[in-house]
Protein chains: 2
Amino acid sequence: MAASTLTEVARLAGVSPATASRVLNGSDRKPGPGVSERVRQAAEELGYIPNAQAQALAKSSSGLIGLIVHDIADPYFSAIARGVQSVAKTQNKMVLLATTGGTPADEKEAVAAFAARRADAIVIAGSRSSRPEDQKANTDLAAELDRYCRNGGHVGIVGQAIVGAGTSEGYHLVELPNEELAFELAGQLAQLHTGEFVIVGGPEGLVTSDDRIRGFQKGLANAGRSPAEVVNTSFNRAGGYEAGGQLAERIRSSQPSEESRDPADANKSRLCIFAANDVMAIGVVAALREEGLRIPRDALIAGFDDIETLRDFRPALSTVRLPLEEIGRLATLSTAGHSRKDSLVRSKAANMPGHQSMGTGAVNHNEDQGPGVTGEVKLRRSTQWTP
Amino acid sequence: MAASTLTEVARLAGVSPATASRVLNGSDRKPGPGVSERVRQAAEELGYIPNAQAQALAKSSSGLIGLIVHDIADPYFSAIARGVQSVAKTQNKMVLLATTGGTPADEKEAVAAFAARRADAIVIAGSRSSRPEDQKANTDLAAELDRYCRNGGHVGIVGQAIVGAGTSEGYHLVELPNEELAFELAGQLAQLHTGEFVIVGGPEGLVTSDDRIRGFQKGLANAGRSPAEVVNTSFNRAGGYEAGGQLAERIRSSQPSEESRDPADANKSRLCIFAANDVMAIGVVAALREEGLRIPRDALIAGFDDIETLRDFRPALSTVRLPLEEIGRLATLSTAGHSRKDSLVRSKAANMPGHQSMGTGAVNHNEDQGPGVTGEVKLRRSTQWTP
DNA sequence: ATGAAACGGGAATGCGCTTTCCCACTACTA
DNA sequence: TAGTAGTGGGAAAGCGCATTCCCGTTTCAT
């Protein structure tokens, strides 16, 4: 018992397949009411479901949106995925998922697979890699994307432009103000913390991480502070946990003895640890606590992303809110044309008030005045420490 | 500049499309080495990417796995999605995502859409609804699934069987021992908590929630405790937060005055709140804290699922570990045939030691000895309270 | 009343690929 | 040497649908 076809429906309704096709889909030609009714009824009777493959083949448009993420279980990506999914739904499209672990080679594979499926659009989330060993794969990825675009595809990129990719028609970049927001976060933290800073970041060459680290360092410099030491590790909870273990030792050894401890200078001796994302920050906290240290008594922790499920964490992380779901929406909308008149699209905010020396020049890099994303620093003044 | 076709490759290589097809895909007929080389080179030169739609149409198998979830940003579902994705990758398939918010009508739509795309398999995660008003939609869903299966599709269902769905060949159920594990959790909690219990659950008729509530109540009864009051709300953080607000008042009003408070009887006056999932539990905690209450001083909180990003929450939730990623894997594998000899598949553990009165009879319901899932209670003995 | 224009419907072609069927040719065995 | 099995390749028929023509009818303006 195979699925019924349009031809069968047509035969049952006593019309030609062409007519059946016209009534069952939104064709511009509208058959007569009597005929329409018969066809619709026949379709109902047979439980007809159009073969999307055949449709796609015939009109070379698949109704598919490809989404590329590092890891769908990472709350950062799943939040973006929700945004993508939501606009896909409004457009009657489906989203095809590919997870790559961040490997450019896998991303290239995914793009090829999406191209093979004639996806109408591809959304790439997740940091680029600028590591030398990934350069070749990045070039291949760029080439693959170029080809996809030349064949009429649209791609929306979240974060950073893909190095080596041409600026052809189909490219749409949703920039994330990682550097700017990290800059601002550093500035605000520097105001309430007089002690030392340490940065826990992802592996060198992970652009998102590097951007945030760079911004943070610049923010410190701008506040007249010396650069923070950087610990590079993996860009996830495990990495944060590992770094936290190292830092715990260090904190303990540099701590004043229990007797001489004075709440008044706690702030000076205390470390402020900036983790390049919230999940890492949580890992840091877990490790520190496991070593018997207490937050915020022994260290101040800041993260990035403002992950939803982590907002109820206590003491609350200082972090930076990124509207992840909207970012996903924007990236998807940008591929659908007409995005600039959409109300969801706002101009990118200047996130570095009163500071021009960062070298980025104009804040909005988008030549085409494309969608911009605004974030927000969420500072937690958990300066008081619990003994 | 359109994408190149197989015919073009064939022409460039000086062979027929048939031959080109044979060399570029794993056909059973292997053309001569010279020819193969020419074709492969021509394909390379043209940057040929096979049109998956056309392939799917021709061999009526799409290489697609459909995944239906309530909300991809919910960590419960994104963990399952990761599992699905991982086995999809090993099978060289792609996963198509549909989010439904739990509405059976939307789930039916999703199944139809997947069927239209000729998905090789469909995995449905997310609780069923047993509410009367959803009955019609459930029946429709079952019918749609039945049809899909009769047409050769395979479906893997996570959690509960879909009411009204026939037990045809393609059906595979990955049962979750929600009731059993909640039973056990209640038993263990009853051992360390002498006070009252309250249950915060999802809306009545949400089967997963109902199962967990029922199991918990039975566990309490088995421990000689009176049934807990049940607060029904939405099955997410917001619901937990709302319920937490109500409970806060109640806790405060029933609390002994500050002066007469005696740590010795804290355990008796304290409430133990079981939230039907971790995210709700976090919501409860957030609300209680906002009302000035402290955990675990003023209340004990337990959850369910053991969500990864929530494991570092302090004080740690008592919860139940469900191997979500593996559940996703199992559900996907079950649709691929041969799952029962797979090493990942273990028999379902009996999670109700020494207790036979629950009425479920044999613990393993799977007639076909299909895959089973084992969970684990994670009790947190945070009985000491911080003043 | 007669022409053009609009309309409702069907036949046929093609989307890009797989697969069956068929043919020519080689390499055996008897 | 003749007959047969095996082998590498091509021609062609779809897979299920959209769409372009094309044709017969009706409607309207002239």
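Lettering follows sequence order; numbering is per chain, from 1.
- Each of Pro17(A) and Tyr48(B) was matched to the nucleotide of DNA chain C holding its nearest heavy atom; the match closer to the 5' end belongs to Pro17(A).
- Taking 3.5 Å as the limit, the base of dG8(D) and the side chain of Arg22(B) contain no donor-acceptor pair of atoms between them.
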Between Ile68(B) and Phe114(B), does a side-chain contact (heavy atoms from CB on, under 4.5 Å) hold up when you go through it step by step? CA-CA 10 Å; Ile68(B) 299 178; Phe114(B) 289 156; 3.4 Å; yes
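- Residues from residues 88-95 of chain A lying near DNA chain D, meaning a heavy-atom separation below 4.0 Å, are absent.
- Looking at which nucleotide of DNA chain D each of Arg118(B) and Thr19(B) is closest to, the 5′-most match is held by Thr19(B).
- Defined by atom type and a distance below 3.5 Å, a donor-acceptor pair is missing between the side-chain atoms of Thr100(B) and Asp106(B).
- In this structure a side-chain-to-backbone donor-acceptor pair under 3.5 Å is missing from Glu325(B) to Ala79(B).
- The main-chain N or O of Ser62(B) is found under 3.5 Å from a side-chain atom of Asp120(B) such that the two form a donor-acceptor pair.
- Leu57(B) comes within 4.0 angstrom of a base, heavy atoms only.
- Among the atoms of the strands shown, only primed sugar atoms or phosphate atoms (P, OP1, OP2) are found under 4.0 Å from some heavy atom of Thr5(A).
- Residue Glu133(A) places its CD atom among more than 12 non-hydrogen atoms of other residues, nucleotides or ligands, all under 6.0 Å distant.
- Regarding Gln55(B), its CD atom lies at a distance of 17 Å from the P atom of dC15(C), rounded to whole Å.
- In this structure, Gln135(B) places its CD atom where only 12 or fewer heavy-atom neighbours from other residues, nucleotides or ligands lie under 6.0 Å away.
- Between the side chain of Thr335(A) and the backbone N or O of Thr332(A) there is at least one donor-acceptor pair closer than 3.5 Å.
- Ionic pairing of Arg38(B) and Glu45(B) is not present here: no N-O contact between side-chain nitrogen and carboxylate oxygen is shorter than 4.0 angstrom.
- Place Ser16(B) and Ala54(B) on DNA chain D by their nearest nucleotides, and Ser16(B) ends up nearer the 5' end.
- Proximity note for Asn51(A) (side chain, C-beta onward) versus dC17(C), dG16(D), dA11(D): the nearest is dG16(D).
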Both distances under 3.5 Å, Watson-Crick or G-U wobble: on that basis, could you give the dot-bracket string for DNA chain C, with [ ] for crossing pairs and | for other-strand partners? .|.|||||||||||||||||||||||||||
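- Distance, Lys59(A) NZ to dC15(D) C1': 17 Å, rounded to whole Å.
- Rounded to an integer number of Å, the gap from Lys30(B) NZ to dG6(D) P is 19 Å.
- Closest heavy-atom contact between Thr99(A) and Ile72(A): CG2-N, 4.0 Å.
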